[in-house]
*Asks:* 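Provided herewith is a single structure, encoded as structure tokens, for subsequent inquiry.
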Amino acid sequence: MNKRIAVLLSGRGSNFLAISDNIRSGKLDAEIACVLSNVADAPGLVRARELGYDAIFLNSRGKEREDYDREVAKELRRRDVELICLAGFMRLLSPYLIREFPNRILNIHPALLPAFPGLHAQKQALEYGVKYSGCTVHLVDEGVDTGPIVLQAIVPVLDDDDEDRLSARILKEEHRIYSEAIDLVLRKRIVVSGRRVLQR
Ligand code: GRF
């Protein structure tokens, strides 16, 4: 397996930057082949360009989901991408793209799945009243935040937390475990057995 990854994002891009920093500092043995976004002025895409990465804006406006994903797949194949890392990419993937990259798409979610899937996971956790939340890196399947779980990290929910404070505590863990999960996949250290992802 080569070590070429693509980061797909739609917004801020802090997970992308954490991955990039970990690669640059030698903590993660991988290569960012490209950063792709459906949002032209996404801060993460702008930053990727400034850092000299191959930064691709692919407009999704007016395109059917699968047609768009076929374009995405073409861009990624052209760059010999081995692993797709979704990092705040605000689009659902079509079954086509998932089948094109079987068990080779990761996503990070800011809650302990299967609790609080979908949008505003940190707000959902606060409103539910859980005492612990965290983040999950999972393989992407055809559901929303339902794929087999690779890694999770736990953080406490404190009495005086608001959404911002909880999100910041979770984000710190996201930045740590996303690179760890990428490393496990690239080094073929995981085996998928049904819903379980085992380390070998
Ligand atoms: C993160 O909270 C991630 O868990 C979720 O979207 C957010 C992206 O943040 N999927 P960033 O763009 O990486 O800063």
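Whatever order the structure lists ligands and atoms in, that order sets their numbers, starting from 1. In this chain, residues are counted from 1 in sequence order. These figures come from a predicted structure and were not determined experimentally.
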*Asks:* Tell me the protein heavy atom at minimum distance from atom 11 (P) of ligand 1, and give that distance in Å.
*Replies:* Ser14 N, 3.4 Å
*Asks:* Using a plain distance cutoff, I'd like to know if Gly13 has any nitrogen or oxygen under 3.5 Å from a nitrogen or oxygen of ligand 1.
*Replies:* yes
*Asks:* Quick check: are there more than 12 heavy atoms from other residues, nucleotides or ligands sitting under 6.0 Å from NZ of Lys27?
*Replies:* no
*Asks:* Provide, to 0.1 Å, the distance between atom 6 (O) of ligand 1 and the closest protein heavy atom, together with that atom's residue and name.
*Replies:* Gly88 CA, 3.6 Å
*Asks:* Can you see whether Tyr53 engages Ser20 through a side-chain donor-acceptor pair at a distance of less than 3.5 angstrom?
*Replies:* yes
*Asks:* Would you mind reporting whether Asp69 and Leu93 have side-chain heavy atoms less than 4.5 Å apart?
*Replies:* yes
*Asks:* Would Ile108 count as a polar contact of ligand 1, with the cut-off being nitrogen or oxygen pairs under 3.5 Å?
*Replies:* yes
*Asks:* How close does the nearest protein non-hydrogen atom get to atom 2 (O) of ligand 1, and which residue and atom is it?
*Replies:* Glu174 OE2, 3.1 Å
*Asks:* Does Arg189 offer a backbone N or O that forms a donor-acceptor pair with the side chain of Arg200 under 3.5 Å?
*Replies:* no
*Asks:* So is there a nitrogen or oxygen of Asn107 less than 3.5 Å from a nitrogen or oxygen in ligand 1?
*Replies:* no
*Asks:* Just one of Cys85, Pro43, Ser37 clears the side chain to side chain contact (heavy atoms under 4.5 Å, CB included) bar with Leu9, so which one?
*Replies:* Ser37
*Asks:* How far is atom 9 (O) of ligand 1 from its nearest protein heavy atom, and which residue and atom is that?
*Replies:* Arg12 NH2, 3.2 Å
*Asks:* Should Ser14 and Leu171 count as side-chain neighbours, where that means a heavy-atom distance under 4.5 Å?
*Replies:* yes
